A.B. asks: 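Sharing a structure below in structure tokens format, with a few things to ask.
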Amino acid sequence: MKIHIAHGRVIDPISQRDEQTDIYLAAGKIVALGRCPAGFSANRVIDARGKLVIPGLVDLSARLREPGYEYLATLESEMVAATVGGVTSLCCPPDTDPPLDEPGLVEMLKHRAHGRQQTNVYPLGALTQQLQGTRLTEMGELFDAGCIAFSQANAPLVDTQVLLRALDYAATFGFTVWLQPQDHYLSRGGVAHDGEVASRLGLPPIPSCAETIALSTILQLVRETGARVHLCRLSSAKGVELVRAAKAEGLPVTCDISINHLHLTEHDIGYFNAHCRLIPPLRSLRDRDALRAGLVDGTIDALVSDHAPVDVDAKQLPFEAAEPGASGLELLLPLTLAWARDNRLALTVALDRITSAPARILGIPAGQLSPGQPADLCVFDPEREWVVTPTTLKSQGKNTPFLNLPMLGKVSHTVVGGFIIHEDARA
Amino acid sequence: MFNPQLTAEGHLKHLLTIEGLPPAILFQILDRATEFEAVARQEVKKVPHLQGKSVFNLFFEASTRTRTTFEIAAKRLSADVINLNVSSSSQSKGETLLDTVDNLAAMQADMFVVRHAESGAAHLIASHVGPNIHVINAGDGRHAHPTQALLDMYTIRHYKQRFENLRVAIVGDVLHSRVARSQIHALTTLKVPEVRVIGPKTLIPRNVDRLGVQVYHDMVQGLKGVDVVIMLRLQNERMNGALLPSRDEYFKYYGLTPAKLAHAKPDAIVMHPGPMNRGVEIHSEVADGVQSVILKQVTFGIAVRMAVMSILASPPSSAARA
């Protein structure tokens, strides 16, 4: 399959390219930008006039809910959501049922996910057996089965001795460990930021120090072990400060935040909107602004959807009882564009956070548009407005704080490995 | 912000929280309660305001006093009252909260009085029910207990006549108290110039000053010159653990004794939403003393709940005529 994407505005964060040009794809690779290679004859020409052509999105956290939670979402529905959202590579956390703690489970998932041409799936293996935080998993075996790194997802790892050993063991093989910094005891029972809104609504609070204390512990153990750690879903200004200092010190850490925390604050909870029940909790405006600044200056490397489909019934409960999480695969691109618009950011910078930066964290050949690279990319109309509704979302998870809000930017084509896996004629 | 408890015309549709209600509605309820207070002194303690209406007392959390006063209030308004202790029935069979509500709504309920252990439950139900059903929050988690706060305001007005010159202290476990939150909103809405909260740091929520109150950790300082002392109940499970070392130490520093009360104004009234823990947050001598109005609160509670129900049940046009 040879594809010619014509007249699009091509943005490639790594090369800082932002110009109207043509891209030529063949045999699953990008073969040329600009001039047509000699002898290239396209099977298919995509007219990208007025559209943007960017590397396919790399999402560091998308729950596909398989195995175990197929009633919430199926691999099929969520893979469609990914392609509609322009996501060409994604990481799925190990908090499935059972957790991804055995090579067989990972192989099964990879097999199911790679059954046809679709978004590349990179499973994260469980760091401890059953995610219980006591015994290490067979990281080597899991790696061979296809795990790209190891994580506890949102499960607590209370025992610091186990954490130290997990980091040491992972470092032995050069594996990266992904940790969501949240102190188990300080967050126990809590559902909202320890601020004005929680005090007003009577919601059990989670103080920011739940994050900074966990971060301090992790960073100290990174110093101790030299392990590479990716910090997932920061939420607080003080957390950003700690990561900034750790990076200045030269510690091998990277980090991400979610689209929800980039755009929302505790005040969006309003009158107990269960769609804003998230882990970690939405914090104050000052925290939100610090996360935005950190994402601009690169302290925060990547922006993720933190996609978590939740059943309608599990959200139609009092805020405390509602299941945490938000659907996000289809919102990652438009919410990145909205952030860029709000902050007058160059698209080369904003798009880096959802393409090249997460690809670098994963160490995968993705997130860039240059000859020889895999032909993973997406084409979108930046001006196309659409409204987030249960019908427009393809994910089985209709749970998002952005429900019924207008979005600007819609993907018209998603290409993975040189195959057009999504095409929206109207976009 | 959009207020889910008011109609587009600004009339009360549900009573979920005091927060966001205009002073006029609070006064409307207090004034109506004054009318109903007389009903209790009649030979026949009944008025026809809710005749033919069905009031469902939907209690997902155990309660005796609140449920009983709501039941009496509804019966005095001639409503049919159905008491449901849901914690022991459908919820244990796995039915969801909203399914329970839907089923009761299908039985032509006109009003739900809801108590639930989780903050926001009443809001959830109100957002779910049809337009002809009214929801009264009888306590949700740590969030709100608006009728309790209204009866407290009624009591304060009864003894002090007005609000604009008062100093009020709320003492105890503010952190876990839906009563305290609703009282704070009611007092500030009614323009009480000085509202104080008194308690150890473990029981005072952070940022509570944003609600317009002053925080005191020293009870004697906090009681100086106040007109109203509101004691909060300290639940047994909070007494021994990481929040407080012991009930004795709590009583020593935050229990209301005659000696501590002497720092308030001589005509200060003492209130408590009940049920009281004598010897934990309040000394019996104070609870039964001349300054205590605790039992009057209970009596007023019926009139105030009648007022809320009758205002909710009457369409705005007839309310205007009344």
Side-chain angles (χ1 to χ4, degrees), chain A residues 71 183-210 236 238 265-277 281-287 310-324 399 403-405, chain B residues 1-5 14 16-20 60-61 91 94-102 114 116-128 137 139-145 174-182 184-185 188 197 204-213 215 242:
Chain A
Y71 61 99
D183 184 83
H184 171 63
Y185 297 108
L186 287 169
S187 59
R188 189 170 46 177
V191 294
H193 172 58
D194 190 9
E196 194 184 331
V197 173
S199 288
R200 219 165 38 89
L201 296 181
L203 295 172
I206 302 178
S208 296
C209 63
S236 72
K238 284 177 180 162
T265 69
E266 56 178 339
H267 291 282
D268 290 290
I269 292 172
Y271 293 105
F272 305 100
N273 180 0
H275 290 312
C276 290
R277 168 96 168 81
L282 295 171
R283 296 198 185 273
S284 70
L285 187 63
R286 206 176 64 80
D287 290 306
V310 171
D311 195 47
V312 179
D313 293 336
K315 282 290 187 188
Q316 289 204 338
L317 291 172
F319 192 87
E320 288 172 67
E323 196 176 316
N399 52 301
L403 208 59
N404 301 318
L405 293 181
Chain B
M1 192 166 18
F2 160 76
N3 193 325
Q5 43 188 357
H14 306 292
L16 307 175
T17 169
I18 301 292
E19 189 186 6
F60 295 89
E61 192 184 66
Q91 299 277 300
E95 189 173 66
T96 70
L97 173 59
L98 293 183
D99 280 337
T100 304
V101 167
D102 282 341
V114 182
H116 198 283
E118 278 153 346
S119 304
H123 273 84
L124 178 72
I125 293 172
S127 70
H128 183 74
N137 185 3
D140 63 326
R142 305 175 179 186
H143 172 233
H145 194 348
V174 178
L175 179 66
H176 299 97
S177 177
R178 52 193 172 213
V179 173
R181 284 182 176 77
S182 286
I184 290 168
H185 289 307
T188 54
V197 296
I204 302 289
R206 282 183 219 286
N207 309 298
V208 75
D209 53 314
R210 299 257 185 96
L211 302 183
V213 302
V215 178

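Because the structure is predicted, anything quoted here is derived from the model rather than measured. Proteins get letters first, then strands, A, B, ... in listed order; numbering begins at 1 in each.
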A.B. asks: With sequence neighbours left out, what residues match A:R277 under side-chain hydrogen bond (donor to acceptor under 3.5 Å, both in side chains)?
C.D. replies: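 Residues passing side-chain hydrogen bond (donor to acceptor under 3.5 Å, both in side chains) with A:R277: none at all.
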A.B. asks: Would you name the heavy atoms of A:G202 and B:R142 that are closest together and state the gap between them?
C.D. replies: O-CB, 3.3 Å
A.B. asks: Taking side-chain contact (heavy atoms from CB on, under 4.5 Å) as the test, write out the residues that go with A:D183, two or more places apart.
C.D. replies: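 Checked A:D183 against side-chain contact (heavy atoms from CB on, under 4.5 Å); matches are A:Y185, A:L186, A:A210, A:I213.
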A.B. asks: Output the option from A:L203, A:L201, A:D313 having the highest count of non-hydrogen pairs under 4.5 Å with chain B.
C.D. replies: A:L201
A.B. asks: Identify which part of B:H176 has an atom lying under 4.5 Å from any heavy atom of chain A, answering side chain, backbone, both or neither.
C.D. replies: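 Neither part.
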A.B. asks: Hey, does the side chain of B:R181 reach the backbone of A:S199 with a donor-acceptor pair shorter than 3.5 angstrom?
C.D. replies: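 Answer holds: yes.
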A.B. asks: Check each atom of A:P204 against the heavy atoms of chain B and say whether the ones under 4.5 Å are side chain, backbone, both or neither.
C.D. replies: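 Its backbone and side chain both get close to chain B.
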A.B. asks: Taking B:L124, B:L211, B:D99, B:L16 one by one, which has the highest count of heavy-atom pairs under 4.5 Å against chain A?
C.D. replies: B:L124
A.B. asks: Using the ring pair (Phe, Tyr, Trp, His ring centres under 6.0 Å) criterion, which residues pair with A:F272? Sequence neighbours excluded.
C.D. replies: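 Partners of A:F272 under the ring pair (Phe, Tyr, Trp, His ring centres under 6.0 Å) test: B:H123, B:H143.
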A.B. asks: Over all heavy atoms of both residues, which pair between A:D194 and B:N207 is shortest? Give the atoms and the distance, please.
C.D. replies: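 Scanning both residues, the minimum pair turns out to be O-ND2, 3.5 Å.
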A.B. asks: Name the region of B:R178, side chain, backbone, both or neither, that has any atom closer than 4.5 Å to a heavy atom of chain A.
C.D. replies: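 For B:R178, there is no contact with chain A at all, as no heavy atom is under 4.5 Å.
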A.B. asks: Tabulate, in ascending numerical order, the residues of residues 314-323 of chain A having at least one heavy atom closer than 4.5 Å to a heavy atom of chain B, or enter 'none'.
C.D. replies: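 A:Q316, A:L317, A:P318, A:F319, A:E320, A:A321 fall under the 4.5 Å cut-off.
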